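Bear in mind that the values here come from a model prediction, so they are computed numbers and not experimental data.
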Amino acid sequence: MATYNFELNHKPTKKGGFLVLFRITEHKKHRRIRTNVELASPNLWNPVKQEVRKSDPDFKVKNEALRRIREEAMKAEETLISRDKKATSQNVMATIRAGRRVFSFFDFTMVYMQRTLDAGEYRTYTKYVTFLNKLRYFVNGISPEQVRKIPSRGKALEEYLKGLKKDLLFEEINLAFLNRFKAYLKKLPNTRKPELMLHQNSISKIFDNFKSLYHKGVVELRDEGLSISVNPFDDFECETIDTNKEKLTMKEIEALKALDLPRGSMIRLARNCFLFSFYCAGMRAGDLIQLRGTNIVREQGEWRVQYRMDKTSLMKNVLLLPEAQEILHEYIDLEYRTNAYIFPLLDNDAPFARACSWEEKEQLPSEVRKLLLQHVNSKNSLLNKYLNKLAGMAGIEKKVSMHIARHSFANIARQKHANMYDISKSLGHSSLNITQKYLSKFDTASQDETMRYVFEDTKPKVDEAALLEQLSGLTKEQLASLIAKVKK
């Protein structure tokens, strides 16, 4: 019968670490298997207990990996005995290797990404692509300086990625790995502004995708033999930073509205789209761009807009104020509404245009849904380009985009002390908690009042005119007596 132990290879790897070896001994002859457990220093190994010391930040994960290896050997021995074969060290090693499956995180992610794309979730797919590319750069040792020279898109990027051969296994993803990857991301250039580094919130979103894909892989591959007992994300932290949510005041909204712009022009269309979004409780640009005449309905004598939000799939039913109706009159006849897009941005003859309802869009082939999203994003960028020109024309010293209409509606509703529940429903949030966090970014008025209260002059105010009138009625003796009392 063979015996099983672990030992540390004191010869450093190319990375400078030290691998733990699994040693199978039979008749005083040793055979060794390399494990995936690597230590930064020999001092982190306890040779007596044959385990990683607690001074290693990932000692739990690494010791669990070693436990599983020993368990595999014991199972291999039992399998050999049940088949009337000798449990020699050579046979045990062969059985372990034959039964052990390598679980690649990259392979799983690529398969899952394709499934996401096939399901028509192009927006989510692009987020996964952004994350995976950066992770592959890190694993393959591409420095931040080299990343700046990598093509950002197209076939040139595809060819570059084909040259990155190094894999990443699920077992290699531990707390230390996550922290190293976070440090790496902080050195990467911002795609839109290469002179800057990645924003902290962008890094946080990358790890949100990482965590999501890791969890999906652990669950889906469990039946195939992947066993992960410690989730490295449980102890991992990646903070976010509160950012300033730009918004317009009612005065600035009126300044935009007052601009005299030629009918039929693109710049007038951009202004109208922004105002329509504002008057419709901050309708998102993607939903507005896809709005059709049939989304406008009349209920109990009032015009309303009914649509399902692309982002959350929630139904919205919003009252059309006179200001919103006035904008609509430039593009459609309310009495003769059709399936055509209201705002002249998307092509009514495009392949995706035949899907009029949200449900029909869900049934479109993935490539057509991808095409729709690309067109919507392109038109949103076009609107934002003209909105920045409009801001300058209206004397607004802020960067204006379609999403600012949503911020502006939320802030003005809060300032007018609208009911929190109604604001939440108007914005289409799934919970009041989301709305409270959303509005907290705008709430500076109450802070200003507190500042004034703390630092205001608390001495009693003196009405000098009234005081002089009282003093003028006193005699010289009375004034002298009063002054003497003040001096005391």
Side-chain angles (χ1 to χ4, degrees), residues 199-201 239-261 271 274-275 277-282 319 321-324 326 387-401 403-427 429 431-488:
H199 193 280
Q200 181 59 41
N201 292 353
E239 63 282 357
T240 58
I241 299 172
D242 282 345
T243 55
N244 177 41
K245 286 186 178 293
E246 196 66 89
K247 68 274 185 188
L248 300 188
T249 64
M250 205 64 198
K251 184 178 180 181
E252 290 168 328
I253 295 285
E254 291 298 332
L256 279 178
K257 188 177 178 181
L259 291 174
D260 186 15
L261 306 169
R271 190 270 307 274
F274 181 89
L275 292 177
S277 168
F278 173 72
Y279 290 129
C280 290
L319 174 68
L321 300 172
E323 294 88 345
E326 185 180 345
L387 284 172
N388 272 314
K389 292 182 180 179
L390 285 162
M393 294 169 64
I396 300 171
E397 296 180 356
K398 297 174 182 176
K399 186 175 181 180
V400 181
S401 67
H403 205 68
I404 298 303
R406 187 171 176 83
H407 293 172
S408 304
F409 165 78
N411 185 49
I412 292 171
R414 181 194 61 79
Q415 288 175 335
K416 293 192 173 184
H417 306 289
N419 180 279
M420 180 69 71
Y421 174 80
D422 292 332
I423 296 176
S424 183
K425 292 290 287 183
S426 298
L427 292 170
H429 288 163
S431 72
L432 285 174
N433 188 44
I434 294 174
T435 307
Q436 288 170 338
K437 288 182 179 179
Y438 190 87
L439 294 179
S440 67
K441 306 295 177 63
F442 304 126
D443 191 10
T444 56
S446 61
Q447 297 175 34
D448 295 345
E449 288 301 314
T450 299
M451 290 292 291
R452 293 189 184 98
Y453 175 75
V454 171
F455 293 102
E456 72 180 357
D457 187 359
T458 55
K459 294 179 180 179
K461 301 293 183 182
V462 177
D463 187 338
E464 293 185 1
L467 181 60
L468 285 171
E469 186 178 348
Q470 289 177 329
L471 292 175
S472 63
L474 299 179
T475 63
K476 289 183 179 180
E477 291 77 12
Q478 289 174 322
L479 282 173
S481 175
L482 185 61
I483 292 170
K485 289 179 180 179
V486 169
K487 288 181 176 180
K488 287 183 180 180

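- In this structure, the side chains of Ser481 and Glu477 stay at 4.5 Å or more apart for every pair of heavy atoms.
- Inter-residue side-chain proximity for Leu474 and Leu482 is flagged as met; some heavy-atom pair is nearer than 4.5 Å.
- Glu246 contributes no side-chain N or O that, together with a main-chain N or O of Ile404, makes up a donor-acceptor pair within less than 3.5 Å.
- When the shell of 6.0 Å around CD of Gln478 is examined, it contains more than 12 heavy atoms from other residues, nucleotides or ligands.
- Separation of atoms NZ (Lys399) and CG (Leu387) is listed at 11.5 Å; rounding is to 0.5 Å.
- Heavy atoms from other residues, nucleotides or ligands lying under 6.0 Å from CD of Glu397 number 12 at most.
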Distance-only donor-acceptor hits, side chain of residues 252-260, under 3.5 Å, sequence neighbours excluded:
residue	atom	partner	partner atom	Å
Glu252	OE1	Thr249	N	2.8
Glu252	OE1	Thr249	OG1	3.4
Glu252	OE1	Lys398	NZ	2.9
Glu252	OE2	Lys398	NZ	3.4

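- Atom NZ in Lys247 sits 13.5 Å away from atom CZ in Phe278 (nearest 0.5 Å).
- For the pair Arg406 and Ala281, the tightest heavy-atom approach, listed with the atom from each and the gap, is NH1-O, 4.3 Å.
- Minimum heavy-atom separation, Asn388 to Val400: OD1-N, 3.3 Å.
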